[in-house]
Amino acid sequence: MSLPQLSSVCFSSFALVSYPDNPEIPAIAKYFSTKGRYEEVNPYLIEDILAVNRSILQPPSAQCRQIHLTAIIRHGTRYPTVKNVKKMQKLYGLVKSSASGQESWLREIQTQWTMWYTEDMDGRLVQKGVNDHRHLAVRLSKLFPSLISEEKLRGGLFKFITSSKHRCVNSTLSFKAGLTELWAIKVGLGILNDALMRFFEKCTRFVQEVDNNPSATTEVDLFKEGPEMRRVQEKIADRLRVPYNNVTDDMAEAAFYMCAYEFAIKTVNSPWCRLFDEVDAQVMEYANDLKQYWKRGYGHDINSKSSCILFHDVFSRLDKAASENKSGQQVTEAVTVQVGHAETLLPLLTLLGFFNDSQALTSTNYATQSQRSFRTSHMLPYAANLLMVLYDCGGDELRLQPLLNEKPVTFPGLTDQQVSMPLYDDVKEHYRELLQGCDFENECQLFKHPIEV
Ligand SMILES: *[C@@H]1O[C@H](CO)[C@@H](O)[C@H](O)[C@H]1NC(C)=O
Ligand SMILES: *[C@@H]1O[C@H](CO)[C@@H](O)[C@H](O)[C@H]1NC(C)=O
Ligand SMILES: *[C@@H]1O[C@H](CO)[C@@H](O)[C@H](O)[C@H]1NC(C)=O
Ligand SMILES: *[C@@H]1O[C@H](CO)[C@@H](O)[C@H](O)[C@H]1NC(C)=O
Ligand SMILES: *[C@@H]1O[C@H](CO)[C@@H](O)[C@H](O)[C@H]1NC(C)=O
């Protein structure tokens with residue numbers, strides 16, 4: 001059975017999409033950071049969720065053949081966690097009891113909208129999240145038809161590895177369902193592996209020095225108390241007509257989540273979104289970026305080093321495929337699908353040097369960081385994915401193409417940038433120090449390193 005020909009026509013009506021003035025889409029939807037919809041980073045998907053454009057791959061020669069693909073994918077859209085549900089309930093209570101404006105959107109929240117988020121939802125995957133992964137699987141099968149193929153899946157040349165969290169297990173099943181529905185095959189779940197996909201909770205030094213250490217995120221706290229954030233809170237209070245002291249930074253955050261979740265989960269532009277204008281949303285986005293920066297990104301060296309185990313795992317799969325191909329054997333693991341969290345992807349992207357601004361993100365440089373590359377809204381929406389595709393281009397020439405969220409990216413600092421598909425040897429040379437070091441056990445043990453201040 002061959003793949004359905006859902007080809008490049010998909011892009012033709014892109015210009016007709018009224019995005020970003022579509023009234024169904026909140027004007028602030030592109031600032032939702034890790035609560036953002038995948039479609040916001042690839043707006044052509046709004047029109048056709050299965051659209052792909054194979055010409056973005058552009059191998060340097062017609063001889064190049066894909067021999068291996070590793071996909072590291074964040075789980076799909078999910079419900080809020082208990083902590084956020086509690087904050088949202090508190091905000092809802094305030095709006096119900098104290099807000100006194102007469103605007104129709106406010107009346108709508110007070111009289112029609114009901115607080116349907118409950119604590120037992122606890123971060124579970126929602127139906128939209130199931131679809132995120134099902135559709136991603138179909139698109140990847142169209143983008144890489146010689147690898148993500150019925151023949152290779154039937155031949156047992158796929159490996160699935162997932163974090164044990166229900167939202168990841170469910171995402172993995174949904175990704176597979178996307179393929180098995182296409183080809184009418186059955187496959188098992190794959191392997192649960194938290195050492196690999198939730199390395200961040202196994203890395204003692206990270207847990208102690210960053211995750212459980214409030215002083216690691218001082219900049220985030222300072223920003224939340226700072227003038228930009230205070231202004232956002234005051235504007236929310238003005239819109240609700242409640243005293244300024246009623247709207248805390250947690251409430252502002254909860255209001256932002258309300259708008260983001262209603263959109264991500266139900267695809268509605270809810271009245272909660274009216275509590276923010278674009279300037280406010282940019283401040284909220286920065287607060288979220290700051291948190292990710294200090295907890296998972298460049299803020300502390302151990303953040304990225306905690307992903308050493310995944311880094312080596314990726315390169316050892318690539319090496320194995322390369323050497324099998326070179327020695328005339330069939331590549332035994334053509335496709336590896338690894339499902340984890342934003343907290344899995346961000347440290348790895350950081351280790352690889354992506355989105356590294358010359359200035360650190362701090363509580364005081366919001367204005368000068370307006371052009372920063374470190375934007376979690378672009379990097380880490382639901383179902384965010386890093387793909388590493390290995391090509392054999394004949395005559396022992398192997399090339400590696402990285403794609404983030406289905407768009408080719410270039411390895412930062414790799415000098416030969418004419419092609420988005422550098423020689424695999426050059427990539428390995430570029431990351432030589434990490435390949436020779438970056439030992440998880442060493443990096444993650446306590447007291448071996450001077451404490452960062
Ligand atoms: C597909 O991608 C190529 C290369 O980026 C671009 O030139 C072309 O316009 C795209 N095609 C469509 C239909 O969008
Ligand atoms: C996955 O999530 C969907 C939506 O919440 C749910 O209907 C389904 O039962 C879940 N599947 C599994 C296997 O957990
Ligand atoms: C809101 O502020 C008023 C005046 O400071 C205070 O009396 C009231 O308790 C506050 N309400 C909430 C829900 O914080
Ligand atoms: C190595 O990969 C190339 C490209 O797919 C293929 O032509 C060649 O047959 C492969 N070698 C082996 C031994 O599989
Ligand atoms: C990030 O950028 C800083 C400053 O430009 C540089 O010192 C550092 O080595 C970079 N980190 C990575 C992982 O590329």
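We count ligands from 1, going down the list as the structure has it; atoms in each ligand are counted the same way. The first residue in the sequence is number 1, and the count goes up from there.
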Could you tell me whether Thr350 and ligand 5 have an N or O pair separated by under 3.5 Å? no
Ion pair check, [X] and [Y], cut-off under 4.0 Å:
{"X": "Lys128", "Y": "Glu39", "result": "yes"}
{"X": "Asp132", "Y": "Arg74", "result": "no"}
{"X": "Glu103", "Y": "Arg241", "result": "yes"}
{"X": "Asp250", "Y": "Lys83", "result": "no"}

Can you pull the residues with any heavy atom under 4.0 Å from ligand 3? Leu94, Pro243, Asn245, Asn246
Take atom NZ in Lys407; do more than 12 heavy atoms of anything else shown fall under 6.0 Å from it? yes
Under a 4.0 angstrom heavy-atom cut-off, which atoms of ligand 1 come close to Ile56? 2 (O), 5 (O)
Within ligand 1, which atoms have a heavy atom of Ser55 less than 4.0 Å away? 1 (C), 2 (O), 3 (C)
Polar proximity ligand 1 side, Asn53 side, N/O cut 3.5 Å exclusive: yes
Please examine the side chains of Phe355 and Thr350, heavy atoms only from C-beta on, and report whether any two atoms are closer than 4.5 Å. no
Do Lys295 and Leu346 have side chains that get closer than 4.5 Å, going by heavy atoms? no
Which of these, Arg54, Lys142, Arg139, sits in a salt bridge (charged side-chain N to carboxylate O under 4.0 Å, His left out) with Glu406? Arg139
